[in-house]
Amino acid sequence: MIKQNVSQILNELPNGIQLVAAAKTRQPEEVLRAVESGVKIIGENYVQEAERAQEVVGNKVKWHFIGYLQKNKVKKAVTIFDMIETVDSPEIAREIDKRCAQIGKIMPVLIEINSGQEKQKSGISPENTEPLITEISAFPNIRVMGLMTMGPRFGNPEDSRPYFVKTKKIFDQVKKLNLPNVEMRYLSMGMTNSYKIAIEEGANIVRIGSKIFGERVYGATTRAPTP
Ligand SMILES: *Cc1c(COP(=O)(O)O)cnc(C)c1O
């Protein structure tokens, strides 16, 4: 089933759109199956879960961190991920910069926007995005490569559109600033129920879980227990 799902998605995705398989709560063998079916990037919400999956899948694919990053997990995270999509504060950026300096790595990151201004969600508010990116651009071991957003979760994906439009607008504004260490190339938006609309509104990374692996017991916005 994973194979058919991945093939269908890859066949339908327009050129230039990268698929991230959102793997939270899945077994390493399921992740491997997705990779054997053509997935090139795995998205992980938990450092520990990523380590388990990497033991089976290896480094023939790229690994993106897409969850909430705790400061005490940064040291490990910078060694096992190729991109961190969820940077939303100077504090977490400072820690990433420090840990990357120690291992001689420059970490590509996306800035997570709380486009729905939801209290319970992580991400920087739209109006504070420019100042945050300006601050982060001073860290030599971080490259800001674009933006990521979840947006509020709706039954009708059409309701997500305004939040994608808003995030794209911020993306374009930041791009115009031409900040050092900032290369606005990726816009990561859209999940199983909303990715087609996200692409219409400018996404070039989509993060898809259920449509690849099947329904999860836990929703996209609730935190699953640490495995
Ligand atoms: C779970 C998750 C997804 C994928 O959600 P689906 O609805 O299963 O496609 C995408 N992005 C993030 C950050 C997630 O946590």
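Read the numbers this way: they start at 1 and go in the same order the structure lists the ligands and their atoms. Both backbone and side-chain heavy atoms feed into the values below; hydrogens, waters and symmetry mates do not.
More than 12 heavy atoms of other residues, nucleotides or ligands sit less than 6.0 Å from atom CZ of R99.
Only the side chain of R216 comes within 4.0 Å of ligand 1, counting heavy atoms alone; its backbone N, CA, C and O stay farther away. At a heavy-atom distance under 4.0 Å, no atom of T86 approaches ligand 1.
Taking a cutoff of 4.0 Å between a charged side-chain nitrogen and a carboxylate oxygen, E158 and R161 qualify as a salt bridge.
Applying the ring-ring contact (aromatic ring centres under 6.0 Å, His included) test to residues at least two apart or on different chains, none of the pairs has a partner in residues 115-136.
Of all the atoms in ligand 1, the ones that sit under 4.0 Å from a non-hydrogen atom of A22 are 3 (C), 4 (C). Close contacts between ligand 1 and I208 involve ligand atoms 9 (O) [criterion: under 4.0 Å to a heavy atom]. Using a 4.0 Å cut-off to heavy atoms of K24, the atoms of ligand 1 that qualify are 1 (C), 2 (C), 3 (C), 14 (C), 15 (O). Less than 4.0 angstrom separates some heavy atom of S210 from each of these atoms of ligand 1: 6 (P), 7 (O), 8 (O), 9 (O). For ligand 1, the atoms sitting less than 4.0 Å from at least one non-hydrogen atom of G209 are 4 (C), 6 (P), 8 (O), 9 (O), numbered in the order shown with element in parentheses.
Annotation: the span from M150 atom CE to S188 atom OG amounts to 10.0 Å, rounded to 0.5 Å.
Of the options M148, E44, M191, K211, the smallest heavy-atom separation from atom 5 (O) of ligand 1 is shown by M191.
With sequence neighbours excluded, the residues forming a ring-ring contact (aromatic ring centres under 6.0 Å, His included) with F65 are F81, listed by chain and number.
Looking only at side-chain heavy atoms (C-beta outward), I133 and L147 come within less than 4.5 Å of each other.
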